[in-house]
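For reference, the structure discussed in these notes is given below.
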Amino acid sequence: MKETNRIRKIVRLKQLVQRWRRRIPPGGSLAVYVGYEHEHRRFVIPTRFINLPVFASLLNKAEEAFGFQTTSGLVLPCDAIFFEKLLNVLERNERRFGALDLDDFTEMFRESLAVD
């Protein structure tokens, strides 16, 4: 009976470790939380995106909204659907759209977000 309990504990520990490994972003990427108030959605983005003008604008908005918080992850005050569209565009063609600012993306998505 002791051997069975030991095996169960090992299996449980292995499952916990695997779950935690999935939560750690791969190298060269960064986890950010997007949304307002207590409704945040987690995204993993390439760290190189942080240097783009749109992310500089989002980081400035985060600083204005939340200050420099240290208790949780990086939270960007942005609609999750908008952010998902933003990532899709940048992942498809970063060279073409990487120089756009937050206002440019807002204008680009205005019609599609109004329909969704």
Side-chain angles (χ1 to χ4, degrees):
M1 198 67 172
K2 285 185 177 185
E3 186 66 26
T4 305
N5 283 338
R6 186 172 181 210
I7 291 172
R8 281 188 195 150
K9 287 181 181 181
I10 291 171
V11 168
R12 178 78 174 128
L13 183 60
K14 210 172 189 183
Q15 290 171 341
L16 287 171
V17 168
Q18 288 174 345
R19 223 177 288 145
W20 275 105
R21 281 189 181 152
R22 283 190 292 251
R23 299 284 301 167
I24 298 172
S29 61
L30 169 71
V32 296
Y33 297 89
V34 175
Y36 300 102
E37 297 189 23
H38 299 293
E39 295 183 27
H40 297 137
R41 189 166 152 203
R42 184 177 188 265
F43 290 88
V44 177
I45 63 169
T47 53
R48 70 181 185 279
F49 281 6
I50 294 297
N51 294 320
L52 299 177
V54 66
F55 280 93
S57 296
L58 288 170
L59 290 170
N60 286 334
K61 284 180 69 171
E63 181 184 0
E64 290 172 10
F66 309 117
F68 290 106
Q69 55 186 340
T70 58
T71 57
S72 64
L74 177 59
V75 179
L76 301 175
C78 175
D79 179 72
I81 294 170
F82 174 88
F83 193 78
E84 195 168 12
K85 289 178 181 270
L86 170 69
L87 289 181
N88 286 335
V89 167
L90 290 174
E91 287 170 351
R92 276 189 280 129
N93 197 338
E94 182 181 348
R95 184 174 290 167
R96 179 176 174 198
F97 297 106
L100 298 181
D101 197 352
L102 183 58
D103 293 336
D104 298 322
F105 281 104
T106 302
E107 186 63 32
M108 181 189 306
F109 301 148
R110 184 178 314 276
E111 289 180 20
S112 65
L113 289 173
V115 174
D116 289 348

Salt bridge (Lys or Arg N to Asp or Glu O under 4.0 Å) pairs, two or more places apart, involving residues 51-62: none
From [X] [atom1] over to [Y] [atom2], what is the distance, rounded to the nearest 0.5 angstrom?
X      : Y      : atom1 : atom2 : answer
Leu30  : Arg48  : CG    : CZ    : 12.5 Å
Glu107 : Leu100 : CD    : CG    : 11.5 Å
Phe43  : Leu86  : CZ    : CG    : 9.5 Å
Leu76  : Tyr33  : CG    : OH    : 11.5 Å
Phe97  : Leu90  : CZ    : CG    : 8.5 Å

Option among Pro77, Pro53, Cys78 that satisfies the side-chain contact (heavy atoms from CB on, under 4.5 Å) test with Leu58: Cys78
Within one Ile-Leu-Val-Met-Phe-Trp-Tyr cluster: Leu59 and Val34, side-chain cutoff 4.5 Å: yes
Phe105 reachable from Ile50 in the ILVMFWY side-chain graph, under 4.5 Å edges: yes
Check against side-chain contact (heavy atoms from CB on, under 4.5 Å), Phe49 and Leu87: CA-CA 9 Å; Phe49 281 6; Leu87 289 181; 3.9 Å; yes
Partners passing side-chain contact (heavy atoms from CB on, under 4.5 Å) against Asn60 (at least two apart in sequence or in another chain): Glu63
Geometric class of the Phe82/Phe109 ring pair [parallel <30°, tilted 30-60°, perpendicular >60°]: perpendicular
side-chain contact (heavy atoms from CB on, under 4.5 Å) between Asp104 and Val54, intermediate numbers included: CA-CA 9 Å; Asp104 298 322; Val54 66; over 6 Å; no
Derivation of the side-chain contact (heavy atoms from CB on, under 4.5 Å) call for Val32 and Phe55: CA-CA 11 Å; Val32 296; Phe55 280 93; 5.8 Å; no
